[in-house]
2 protein chains.
Amino acid sequence: MGTVTKALQLLTFFSRAQPLIGLSDMARLSGMNKATVHRMLGELQAAGFVEQVGTGRHYRLGPVYMRLAALREHAVPLRDVVGAVLQSLCDETQETAHFSLLQGTQLVATAHAYSPHHGTRVTMEDAQILTLHGTSSGLAVLAYARADFVHAVLEAPLPARTQHTITNPKELRAKLAQVHQNGIAESISGFEEDVHSHAAPIFDAHGQPFGAIAVAAPVARMDQRLRQNVRRATLAAGMHLTRLLGGFPPDTYPTPLNPTEIHG
Amino acid sequence: MGTVTKALQLLTFFSRAQPLIGLSDMARLSGMNKATVHRMLGELQAAGFVEQVGTGRHYRLGPVYMRLAALREHAVPLRDVVGAVLQSLCDETQETAHFSLLQGTQLVATAHAYSPHHGTRVTMEDAQILTLHGTSSGLAVLAYARADFVHAVLEAPLPARTQHTITNPKELRAKLAQVHQNGIAESISGFEEDVHSHAAPIFDAHGQPFGAIAVAAPVARMDQRLRQNVRRATLAAGMHLTRLLGGFPPDTYPTPLNPTEIHG
DNA sequence: TTGAGTTGGTTCATTATTTGAACCGATGGT
DNA sequence: ACCATCGGTTCAAATAATGAACCAACTCAA
């Protein structure tokens, strides 16, 4: 492993739970010698990637990221990042993948990717508005949204798009609890007939959900094998996208490391 | 110079104007051997700090910055604090307010607020780099910076962005003395034509300036009444922000309690 | 078509940097 | 007063960085 890689690795140990790290801790975390870590932190500090707080004692992430993040966003806008993730999720599941963004109290599907693998596929309208209670994407967002937001949504009239749409607030709250536990939402024909979809929430820098990434397949094609694959891939894609966009899942969010533990 | 520093230096060559850089270009820009640059870019890429677009050909900034910027923000919530102060300064003066941060020897405009009150207004680019000698923000920082820092800046080439830019070191030192006495810097068309700006320095816990808060208005709109209001408000906002961020002005800094005593 | 001048990328002997055990003085808790 | 740990430093030994020369692929002009 090169020196640069080792130095950059140090930056990965900072987290929301551990924003300040001391020299010795950093040496332990990285498994490197204290003198080595000291020199590396010195170089990172000189470049502004890390800074010391107070009189030595602790290091934290430096001020350069504002600028670099702004430049990155300018070079690669959000839609490009989302598009790439959608494409790979689509390739992986060979079903329609789409991304939706919460705008006020409306969930808007802003991007999608189709798989050429099957003759039949779920199709999306551009800028289609998804109901929060009737789609997997909506349920994924609701399951992690603030209580007052959920309350407002469930108190409002809940239109049934199909005869399978759940419109009973009590029933919906039970479902949201289940989604919250699994980290992924599932909806069978709740929005369009014969569409079976899964969705994972996307979180912002404050751990609040602001959108969802989803995979939608025809009900007829959804067997146990495909379902497992879709759930695993969607959960992973959601986590990945959250991280790419600089967001953080809340502490309660289930890790996708053990997808077999997820119950349906 | 350490290897890590050299590698990180590569990142500074990316800019809004040049978001994509090839291997050979990067070698030229950095003055390092092509093989060295190649290996460094490889390591930066593996860590996500840089990524290749298409089939080789070009490199651009990688996806890690969104996440790191969010973590930085979480650890040091500058943005929120600065944003609020900018907004109220903007409301008070009804002109564009902006905040810049000293990163090494570069002053970077990291946040701004626009007033909807006038049809014409001064606009800002994200992550715009401000010259230290040609902007009010830069002069505000320089006026309180360490002597060796000022020396280094004034010895380096001083580009003239406009025909009004002061580039004579002697003249600049005289101006800095005046800024130091008033606690506020003023620049008329020194960076952009027809922009009249005022700036106050922001100090850290050691009494060192690390940024500035400024108000920029079209030259045509700057009359005596607006100027007085801007000076008073900018000075107050600077003091306020310094305090909010846990900093202290040096003992020589003029108190804003008697704004009528300030000479221009 | 050819050839000169690019490009990104690779090789490997030479060189210079990185490494880490041992060592500071300072700090903090018992 | 003690002991553990802190951040930071030293220097011989070990290791990784370096760069001139070299590809193959591509672009452009003659």
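Letters go in sequence order (proteins before strands), and every chain restarts at 1.
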Quickly work out the Leu23(B) CG to dT6(C) P distance and round it to whole Å. 15 Å
Set out, in order, the CA-CA distance, both residues' side-chain angles and the distance that settles salt bridge (charged side-chain N to carboxylate O under 4.0 Å, His left out) for Glu43(B) and Lys6(A), then state yes or no. CA-CA 9 Å; Glu43(B) 292 199 58; Lys6(A) 289 183 211 163; over 6 Å; no
Strictly below 4.0 Å, N to O, side chains only: are Glu92(A) and Arg232(A) in salt-bridge contact? yes
Stepwise side chain to side chain donor-acceptor pair (under 3.5 Å) test for Ser136(B) and Ser187(B): CA-CA 5 Å; Ser136(B) 60; Ser187(B) 170; 5.8 Å; no
Verify the ring-centre separation between His112(B) and Phe99(B): is it less than 6.0 angstrom? no
Arg57(A) CZ to dG25(C) C1', in whole Å, measures 12 Å
Taking only side-chain nitrogens and oxygens of Thr3(A), does any of them come within less than 4.0 Å of OP1 or OP2 of dA17(D)? yes
At less than 4.0 Å, is any side-chain N or O atom of Gln52(B) found next to OP1 or OP2 of dG9(C)? Yes or no. yes
Would you kindly give the CG-to-P distance between Asp25(B) and dG8(C), to the nearest whole Å? 7 Å
Which atom names give the shortest non-hydrogen contact between His198(A) and Thr234(A), and what distance separates them? O-CG2, 4.1 Å
Salt bridge check, Glu51(A) against Arg60(A): does any charged N sit closer than 4.0 Å to a carboxylate O? yes
Counting only side-chain heavy atoms from C-beta out, which of dG8(C), dC6(D), dT18(D) sits nearest to Arg28(A)? dC6(D)
Counting only heavy atoms and a strict 4.0 angstrom limit, can you tell me which residues of residues 29-44 of chain B come near DNA chain C? Lys34(B), Ala35(B), His38(B)
Rounded to the Å, how far apart are Lys6(A) NZ and dA14(D) P? 16 Å
Does Ser24(B) put a side-chain nitrogen or oxygen below 4.0 Å from OP1 or OP2 of dG8(C)? yes
How close or far is atom P of dT17(C) from atom CE of Met1(A), stated in whole angstroms? 21 Å
Would you kindly give the OH-to-C1' distance between Tyr59(B) and dT7(C), to the nearest whole Å? 12 Å
